[in-house]
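Heads up, the thing below is written out as structure tokens.
Note that the structure is a prediction, hence the values are computed from the model and not measured.
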Amino acid sequence: MDIPIRELSRAERPALLTHFLALQHDDRRLRFGAPLGDVTVRAYVERIDFEHDAVFAVADDELYLLGVAHVARSGSHAELGVSVLAGHRGRGIGGALLERAHTRARNWGVRALFMHCLNENAAMMRLAHRQRMRVVSELGEADAWLELAPADAASHFGDVFAQRVALFDYALKSQAAAGRRFAAAFTAGKASPVPEK
């Protein structure tokens, strides 16, 4: 089953911050390569340049971000960081985020996609191997490189189509979530006793 991957805008920094702060201590260390505190995570989110980089996400039915990929452009390559909340792994979210990042980096015209992670980050190492990335390990850390083919009409169309599908999915989830909130508020209002005059 395809997983809708939506590109985020700068207006969604709060949702992005909520995702990163929800990462457990070890997961945060594996994602960032160091055990970052909340203040440092907030600063990281504030520094993301949404016009230069790309941030992709998978949301649940309540619009919470389950998985996030940050693709940062840097000269002839793009660097990728991926995180998926505990309890939502093993569903293909990380792989789907990596594929979407791969397409965007290719369309930017960069020659390689790069990931840096700790050797103990088994999930990222598996993703790198599945994508046939060249992995170089040294002193407990690993760099994974994937050479990218030049962009073509199919890669550009694929990027646009993926975003449109994800926006449609997001709109449906937004309407359903709003309906659930309204129904809950209505039910709670009916259950409240009417004050006597």
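Note on Leu36 and Val45: same hydrophobic cluster, where clusters join Ile, Leu, Val, Met, Phe, Trp and Tyr whose side-chain heavy atoms are under 4.5 Å apart, directly or indirectly. If you chain together hydrophobic residues whose side chains sit under 4.5 Å apart, Leu172 and Leu63 never meet in one group.
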- Task: Walk me through it: do Asp60 and Lys173 pass the test salt bridge (Lys or Arg N to Asp or Glu O under 4.0 Å)?
- Result: CA-CA 8 Å; Asp60 68 5; Lys173 287 177 178 175; over 6 Å; no
- Item | Intermediate values then yes/no, side chain to side chain contact (heavy atoms under 4.5 Å, CB included), Ile48 and Arg10 | CA-CA 8 Å; Ile48 294 174; Arg10 72 173 82 176; over 6 Å; no
- Query: side chain to side chain contact (heavy atoms under 4.5 Å, CB included) between Arg31 and Phe20: does it pass, once the steps are laid out?
  - Reply: CA-CA 9 Å; Arg31 164 58 181 86; Phe20 287 131; 4.0 Å; yes
- Message: Applying side chain to side chain contact (heavy atoms under 4.5 Å, CB included) to Thr18 and Leu65, what does each step give before you reach the verdict?
- Response: CA-CA 8 Å; Thr18 298; Leu65 303 183; over 6 Å; no
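Counted within 6.0 Å of CZ on Arg29, heavy atoms from surrounding residues, nucleotides or ligands total more than 12; the atom is thus considered enclosed. Enclosure of atom CZ in Arg180 by more than 12 non-hydrogen atoms of other residues, nucleotides or ligands within 6.0 angstrom is indicated.
Residues forming a side chain to side chain contact (heavy atoms under 4.5 Å, CB included) with His116 (at least two apart in sequence, or on another chain): Glu79, Phe114, Glu141, Asp143. Listed by chain and residue number, Asp27, Val84, Ala86 satisfy the side chain to side chain contact (heavy atoms under 4.5 Å, CB included) test with Arg89 (two or more places apart in sequence, or in another chain).
By the 4.5 Å heavy-atom criterion applied to side chains, Arg28 and Asp38 are counted as neighbours. By the 4.5 Å heavy-atom criterion applied to side chains, Val71 and Trp108 are counted as neighbours.
Looking at Arg73, its side chain does come within 3.5 Å of a backbone N or O of His52 through a donor-acceptor pair. At distances below 3.5 Å, not a single donor-acceptor pair connects side-chain atoms of Arg42 with backbone N or O atoms of Leu17.
Side-chain polar atoms of Tyr64 and His88 form no donor-acceptor pair below 3.5 angstrom.
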What donor-acceptor contacts under 3.5 angstrom involve side-chain atoms of residues 94-105, with partners at least two apart or in another chain?
unit_1, atom_1, unit_2, atom_2, d
Arg100, NE, Ile5, O, 3.3
Arg100, NH1, Asp159, OD1, 2.2
Arg100, NH2, Gln163, OE1, 3.0
Thr103, OG1, Glu99, O, 3.2
Arg104, NE, Asp159, OD2, 2.7
Arg104, NH1, Glu7, OE1, 3.1
Arg104, NH1, Glu7, OE2, 3.0
Arg104, NH2, Glu7, OE1, 2.8
Arg104, NH2, Asp159, OD1, 3.4
Arg104, NH2, Asp159, OD2, 3.2

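The aromatic ring centres of His70 and Tyr44 sit less than 6.0 Å apart.
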